[in-house]
Structure formats: structure tokens, C-alpha cells
Student: 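One structure follows; several queries about it will come next.
Both counts, for ligands and for their atoms, begin at 1 and track the order of listing.
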Amino acid sequence: MTANISLSQGRAYMAIPGPSVIPDQVLQAMHRPAPNIYAGELVELTHSLVPDLAAVARTSGSTAIYIGNGHAAWEAALANTVAPGEKVLIPATGRFGHGWADIAQGLGIDTEIIDFGKSKPWDADRVAEALRSDKGHEIKAILAVHVDTSSSVKNDITALRAVLDEVGHPALLMADCIASLGCDRFEMDAWGVDVTVTGCQKGLMVPPGMSFVFFNDKAQEKRVTMPLVSRYWDWEPRANPAEYYQHFAGTAPTNHLYGLRCALDMIHGEGMDHVWARHERLARAVWAACEVWGSEGPLKLNVEDLDHRSCAVTALRIGSPLGTALREWTEHNLNLTLGIGLGMAEPGDPSWHGFFRLGHMGHVNGQMILALLGGLEAGMAALDIPRGRGALDAAAAVIAGQ
Ligand SMILES: *Cc1c(COP(=O)(O)O)cnc(C)c1O
């Protein structure tokens, strides 16, 4: 046995599900003095961002930009469409549905939550039942999390559209694509989504600080019936500004805009179909390794059904305290940071230490994923965690296209 030495020098790797790895090009694009915010390059650049953002969301609808994180986009979407005392329906498949519901409650909105647990997708039939029993159309919107980042469940948005149409219910369909946009296939218009919310720090590869709300004409029709919309959250001047500052209800997030321009160039240079195919291939490599490890040990993928696993994030169960032990080992010894388990157990509960997550969203490639999986193999070896052998071979075969 050789003495244990830390191998953490060299470039750090944050393999957490947001913020994601920031490309060097994005960082370099942001590293500049403050530009003129009244005229010239920044104004032109901002105008160029809007169609390119909408192209990532696959919509011809309107785009509102907020200086804020995902929670800001959650609040913005609701502030424009659902009045206090009105009701929303939330099919929750992990922690994030509850998070959006909590924001709604803070705005005085009534919430009806259908909880599908922590590792299963929603059941559209149960959503249909709730809509059918809402004879008076009190439900004004469904708040649907496409990829729940805590459970790594990917939900079928089109199933909710089908249910709304079948029941003939007029509620808006709102999708949270904060984790999925630019990772898992999402097509706002084709899928019949009325409002989409996202942030810039996951698939869009920019440091946290901007979020986006895309909305169609149907959502705008509801907006104009609102008794009151806060000036700050109002999406109208942001989407159709008479003056440049109205894009942001104040000073522009200057350097973030340069970073976003660079990231969108990378995404559209690669092409959306390739971006989705890359994420899928890399995710399959992660799952292949995890299945081999789990064949003879405690590691388990949280989501069984392949069709409902996100290509952006993978939630894992390994039993307490091994989740925390593994995260600490890879961070201290390899400078490889894994995601904490989220929403699977209360933080004070000892079982909290039995979960972790892998982020594989945005600026990731084959060698990074193999390094991530190799780091996990080393961590499990160091901690003597029982596991099936051949996980890295299985992942490499997927990467190799075999
Ligand atoms: C990250 C995330 C959020 C919250 O975003 P913040 O930027 O942390 O506010 C909400 N929903 C989903 C699905 C997410 O992945």
C-alpha cells in the first residue's frame, strides 16, 4: 500500500447540477470593462440574444429577461398570470414542484399539489382527474417541472398538454425548464407550452444571475386581465421595451450579456439536435456505469425507468453515510465536487448522508464524463464500497458508440 496523498491539484471539476461548468470562452467574454449601457454594442448584442434564446426554447413567443435566478423566473411567471386567490395545480415529482408551489403561496395563490413521490414521473391520468373535477375552471395554470433536479425525474410535458386538451380545460401550461433547457429535448411551441421558465446557469453555461420567461399569446391574454402586476416583475416592458433599460427594469447585467452571447454562439454552433444527442450519450454512459456498480453493491439509480431519466442530472442512492463520504473523498482527494442529495431526507436526518447527485449538463464532453466516473470508481475503492466490476468499461463502450 502506498501512503494516501491528495491528488487535488490541477483544474477543479464541479460535477453538480447547477451552476454547471463555465466554458473558458464564456469567462473570457465576460472579462472586460463595463460597456456603454445607452447605445452601441451592448444594445445591439442584447437584441441579438432574444431570438437566439427563443430558438433554444423552440418558441416564436415572447422573451422576458430577468436579473435573478430560477426562483425569480418562477415568481415572474406567476406574477404575470395568476392573481392572488386564484388557483394552480402542481404535479410534484421531487423537491422543485414544491419549491414553485411555495413561491405561489407567497403570492397569495391557492395551490393544489399532487405529490408523486421522489423517484417517479407524474401520472397524467391523476392530473386529468383533478382537471375534470375542476368544473368551474378555478385552476388557472399547471406548474409542471420538466426535469426535477432533486430526483432527476424527467416528466412528459406533452402528456399534460394532451390531458388539458382532452378535458377541455383552459388552464395555462407552465414548464420549469431550469435544469433541462439545453440538455434534454424541449420544444415549447410544438409541445403546447404557454409559459416556460429557465435560468442561465445550467444548460446555458453562464454564471448564475439571469433568468428567462418565454410566453405565448394565450399567456399574454391572461396577463392583460390581471388586476395588478408589480412593475418590477411585469413582463410586458421587458419583452417589448420602448427604452433599452426596460429590458431589465433598470441597469443591464452588462458582463453577463457578453457571456450569454458567447454561450448561445456555442450552442447554436453545435446545433440543438447535437446538443441533445450529446447529453443523451453522456448520460447513458453515466447510467451504464452506475448500473454495473449497483449490480453488486448499495449504489442505486433513483429513477428506474430509462425514459424518465434526465440527461442533465443523475440522482443516486447509496445508503448513509456513504453518499457524504464519497462526496468528501472525491472533493478532498481529486478536486472533483459531486452534488448533494436534495429533498430525499431532511438535513438533520442521518439518512440525508445516503444520497448524492451527478451533474452532466452544459459544457461537458466524453473525457469529462469518464473522469467523473473514474473519480467515483477511485472513491468507492478508497472507501471499500462494494460494487460491481467493469463500470468504466461499460461507460467507455457507450462513449465509443458501441
Ligand atoms: C436550479 C433549479 C431551480 C432553482 O433555480 P435557482 O437558480 O437556484 O433559483 C428551479 N427549478 C429547477 C428544475 C432547477 O433545476
Student: Is Arg161 salt-bridged to Asp165, cutoff N-O under 4.0 Å?
Tutor: yes
Student: Kindly confirm or rule out a cation-pi arrangement of Arg238 over Phe212, judged by NZ or CZ under 6.0 Å from the six-membered ring centre and within 45° of its axis?
Tutor: no
Student: Which residue pairs pass the ring-ring contact (aromatic ring centres under 6.0 Å, His included) test with at least one member in residues 273-321, sequence neighbours excluded?
Tutor: none
Student: List the residues meeting salt bridge (Lys or Arg N to Asp or Glu O under 4.0 Å) with Glu377, not counting sequence neighbours, and say none if there are none.
Tutor: Arg387
Student: Give a yes-or-no answer on whether the side chains of Trp233 and Asn80 include a donor-acceptor pair shorter than 3.5 Å.
Tutor: no
Student: Quick one: table the atom pairs, ligand 1 N or O against protein N or O, below 3.5 Å, distance rounded to 0.1 Å.
Tutor:
from	atom 1	to	atom 2	distance (Å)
ligand 1	7 (O)	Gly70	N	2.8
ligand 1	7 (O)	Gln201	NE2	2.7
ligand 1	9 (O)	Asn69	OD1	3.4
ligand 1	9 (O)	Gly70	N	3.1
ligand 1	9 (O)	His71	N	2.8
ligand 1	9 (O)	His71	ND1	2.5
ligand 1	11 (N)	Asp176	OD2	2.7
ligand 1	15 (O)	Thr149	OG1	2.3
ligand 1	15 (O)	Lys202	NZ	2.7

Student: Which pairs pass ring-ring contact (aromatic ring centres under 6.0 Å, His included) with one or both residues in residues 150-200, sequence neighbours excluded?
Tutor: His137-His169, His146-Phe186, His146-Trp191, Phe186-Trp191
